[in-house]
Amino acid sequence: MLEPAGEVVAALTIRPVGSARLWTAEELAFPAAYLSAFAVDRRCAGRGVGGRLSNWARWRAARAGAQVLRVNVRSDNTALHAYYRTHGRQFVRAVPTSRSGALFELPLSPRPLPPPLVHERGELPLPGPQVSPTP
């Protein structure tokens with residue numbers, strides 16, 4: 001979670017095992033990490049919050065021994081598909097039986113980069129105007 005000034009503005013979960021409903025047995029046997037519940041507060045859109053958290057997830061997954069970082073997203077969210085492709089993720093395939101069956105993966109460096117500018121705990125100053133807490 002990213003919590004500038006104590007307010008959660010982004011969160012994700014990294015899992016060591018993917019869903020057998022989405023990924024094949026061969027894919028599940030490959031060293032991978034799986035993103036889920038990746039969300040960024042829309043008030044922070046365009047400020048690099050998602051990119052910073054994604055870089056942290058790449059670093060964390062590689063540090064844990066994963067060779068790819070995988071995610072499944074809504075099949076009808078073509079804007080997100082384009083975003084992922086633009087940022088180096090490869091489209092694996094679509095699972096027609098799942099609403100969130102668009103599968104993407106990102107190869108990870110065997111030598112992880114230094115940790116990105118994300119703190120796992122504590123406050124994180126963000127560039128640009130501060131987010132006002134909602135009442």
Taken in chain and number order and not counting sequence neighbours, the residues that satisfy salt bridge (Lys or Arg N to Asp or Glu O under 4.0 Å) with Arg15 are none
To the nearest 0.5 Å, atom CG of Asn55 lies from atom CZ of Arg60 at 14.5 Å
Here the gap from Arg99 atom CZ to Asn72 atom CG, rounded to the nearest 0.5 Å, amounts to 12.0 Å
If the condition is side chain to side chain contact (heavy atoms under 4.5 Å, CB included), which residues does Phe91 pass it with, not counting sequence neighbours? Arg85, Ala94, Ala102, Phe104
Return the set of residues passing side chain to side chain contact (heavy atoms under 4.5 Å, CB included) with Leu28 (not counting sequence neighbours), or none when no residue passes. Ala20, Trp23, Tyr34
I want to check something: taking the side chain as every heavy atom from C-beta on, are [X] and [Y] in contact at a cut-off of under 4.5 Å?
X      : Y      : value
Leu106 : Gln90  : no
Val95  : Leu103 : yes
Ser54  : Arg89  : yes
Arg52  : Trp56  : no
Leu12  : Ser36  : no
Leu35  : Thr13  : no

Residues 19-39 vs salt bridge (charged side-chain N to carboxylate O under 4.0 Å, His left out), sequence neighbours excluded, gives Glu27-Arg93
Would you mind listing every salt bridge (charged side-chain N to carboxylate O under 4.0 Å, His left out) that reaches into residues 64-82, with sequence neighbours excluded? Arg70-Glu105, Arg74-Asp76
Flag yes if [X] and [Y] sit in one hydrophobic cluster, no otherwise; membership is Ile, Leu, Val, Met, Phe, Trp, Tyr, and two members link when side-chain heavy atoms are under 4.5 Å apart.
X      : Y     : result
Leu108 : Leu53 : yes
Leu22  : Ile14 : no
Val73  : Val92 : no

Steps toward side chain to side chain contact (heavy atoms under 4.5 Å, CB included) verdict (Val9, Val40): CA-CA 6 Å; Val9 297; Val40 176; over 6 Å; no
Checking the side chain of Ser75 only, and the main-chain atoms of Gly101 only, is there a donor and an acceptor separated by less than 3.5 Å? yes
Contact summary for [X] and [Y], nearest pair of heavy atoms:
X      : Y      : result
Ala61  : Leu69  : CB-CD1, 4.0 Å
Ala62  : Ser109 : CB-O, 3.9 Å
Pro107 : Gly88  : CD-O, 4.4 Å

Taking it one step at a time, do Val71 and Phe38 satisfy side chain to side chain contact (heavy atoms under 4.5 Å, CB included)? CA-CA 9 Å; Val71 64; Phe38 193 164; 5.9 Å; no
Test question: given the 4.5 Å side-chain rule for I, L, V, M, F, W and Y, name all other residues clustered with Phe30, or answer none. Val68
